[in-house]
Amino acid sequence: MILVKNAPAAHLITAEKPPEPAPPWNAYAAACPTRLVLDRIADKWTVLILGLLLRQPLRFNALLREIEGLSQKVLSQTLKRLERDGLVTRTVFPTVPVSVEYAITPLGRTLAAAMHSLVDWAHANIEAVLAAQRRYDGDA
């Protein structure tokens, strides 16, 4: 004979379901979704936009003025992708005319911090890269 004692609910121990293992991402595989993130990171406009938004939220035209060579169309497309990826938020203010401000998200801040190292590397090594290009072009 088995006796079962009913314990109060507060004393019950429940076995938690173990967490699902993380998918084995492989950026070298064609179908790996991490390639989408790498594509975003590799875009110079993303690097420059996030760098500016890291300082402060900015309106569309302020971004356009700050980043030389960036077209209105490409800025719009890039901001939409960054917003979709959760890296930037878009806030519309009910003014006349309507004002739109872009700000970096906490997730975007983590990416911008990593990208900052790339920008620092570019600044520190641009002379060596340009010299290598001149040597290569002279030898070609």
Side-chain angles (χ1 to χ4, degrees):
M1 176 179 194
I2 300 175
L3 294 175
V4 177
K5 181 178 177 186
N6 290 329
H11 295 134
L12 291 178
I13 298 174
T14 58
E16 290 186 25
K17 183 178 176 184
E20 294 287 326
W25 301 120
N26 177 4
Y28 294 97
C32 184
T34 59
R35 284 192 176 192
L36 299 172
V37 175
L38 293 174
D39 183 49
R40 195 76 63 241
I41 293 168
D43 179 56
K44 67 181 173 189
W45 303 124
T46 293
V47 173
L48 297 173
I49 290 167
L50 290 180
L52 287 175
L53 294 179
L54 193 55
R55 297 179 196 164
Q56 65 184 2
L58 291 169
R59 290 173 40 181
F60 184 91
N61 284 329
L63 286 165
L64 199 56
R65 279 192 304 274
E66 287 288 325
I67 305 173
E68 293 180 12
L70 177 60
S71 72
Q72 190 171 353
K73 178 182 177 183
V74 172
L75 176 58
S76 179
Q77 291 170 341
T78 305
L79 286 168
K80 285 177 184 175
R81 286 193 299 264
L82 291 172
E83 185 180 7
R84 182 174 184 257
D85 292 344
L87 303 172
V88 164
T89 59
R90 178 179 185 266
T91 304
V92 179
F93 297 98
T95 57
V96 178
V98 172
S99 298
V100 178
E101 185 177 80
Y102 295 90
I104 196 165
T105 65
L107 180 62
R109 283 186 182 284
T110 64
L111 177 57
M115 289 177 147
H116 191 69
S117 297
L118 292 173
V119 172
D120 286 347
W121 183 92
H123 288 153
N125 293 285
I126 187 59
E127 292 299 327
V129 170
L130 292 172
Q133 289 175 351
R134 285 191 297 274
R135 281 192 307 275
Y136 180 89
D137 293 344
D139 294 339

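Residues forming a side chain to side chain contact (heavy atoms under 4.5 Å, CB included) with Leu107 (at least two apart in sequence, or on another chain): Leu87, Thr105, Thr110. Evaluation of the side chain to side chain donor-acceptor pair (under 3.5 Å) rule for Ser117 yields no partner, not counting sequence neighbours. Not a single side chain to side chain contact (heavy atoms under 4.5 Å, CB included) links Ala31 to another residue, sequence neighbours left out. For Val98, the side chain to side chain contact (heavy atoms under 4.5 Å, CB included) partners at least two apart in sequence or on another chain are Val92, Val100. Under the rule for a side chain to side chain contact (heavy atoms under 4.5 Å, CB included), the partners of Thr34 that lie at least two apart in sequence or sit in another chain are Trp25, Ala27, Cys32.
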In residues 67-81, what donor-acceptor pairs under 3.5 Å come from side-chain atoms, sequence neighbours left out?
residue	atom	partner	partner atom	Å
Ser71	OG	Val74	N	3.1
Thr78	OG1	Val74	O	2.7

For residues 121-133, which side-chain N or O atoms pair as donor and acceptor with protein atoms under 3.5 Å away, sequence neighbours left out?
residue	atom	partner	partner atom	Å
Asn125	ND2	Trp121	O	2.9

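Applying the salt bridge (Lys or Arg N to Asp or Glu O under 4.0 Å) test to residues at least two apart or on different chains, none of the pairs has a partner in residues 91-120. Listed by first then second residue, pairs satisfying salt bridge (Lys or Arg N to Asp or Glu O under 4.0 Å) with a partner in residues 31-48 read Arg40-Asp85, not counting sequence neighbours.
Considering every non-hydrogen atom in both Ala62 and Leu58, the closest pair reads CB-CD2, 4.2 Å. Across all their heavy atoms, Tyr102 and Leu53 have their closest contact at O-CD2, 3.3 Å.
Around the OH atom of Tyr28, the shell of radius 6.0 Å holds no more than 12 heavy atoms that belong to other residues, nucleotides or ligands.
A chain of hydrophobic side-chain contacts below 4.5 Å, direct or via other Ile, Leu, Val, Met, Phe, Trp or Tyr residues, connects Trp45 to Val119.
No side-chain heavy atom of Thr46 sits less than 4.5 Å from a side-chain heavy atom of Ile41.
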Residues Val88, Leu50; criterion side chain to side chain contact (heavy atoms under 4.5 Å, CB included); working and verdict: CA-CA 8 Å; Val88 164; Leu50 290 180; 3.8 Å; yes

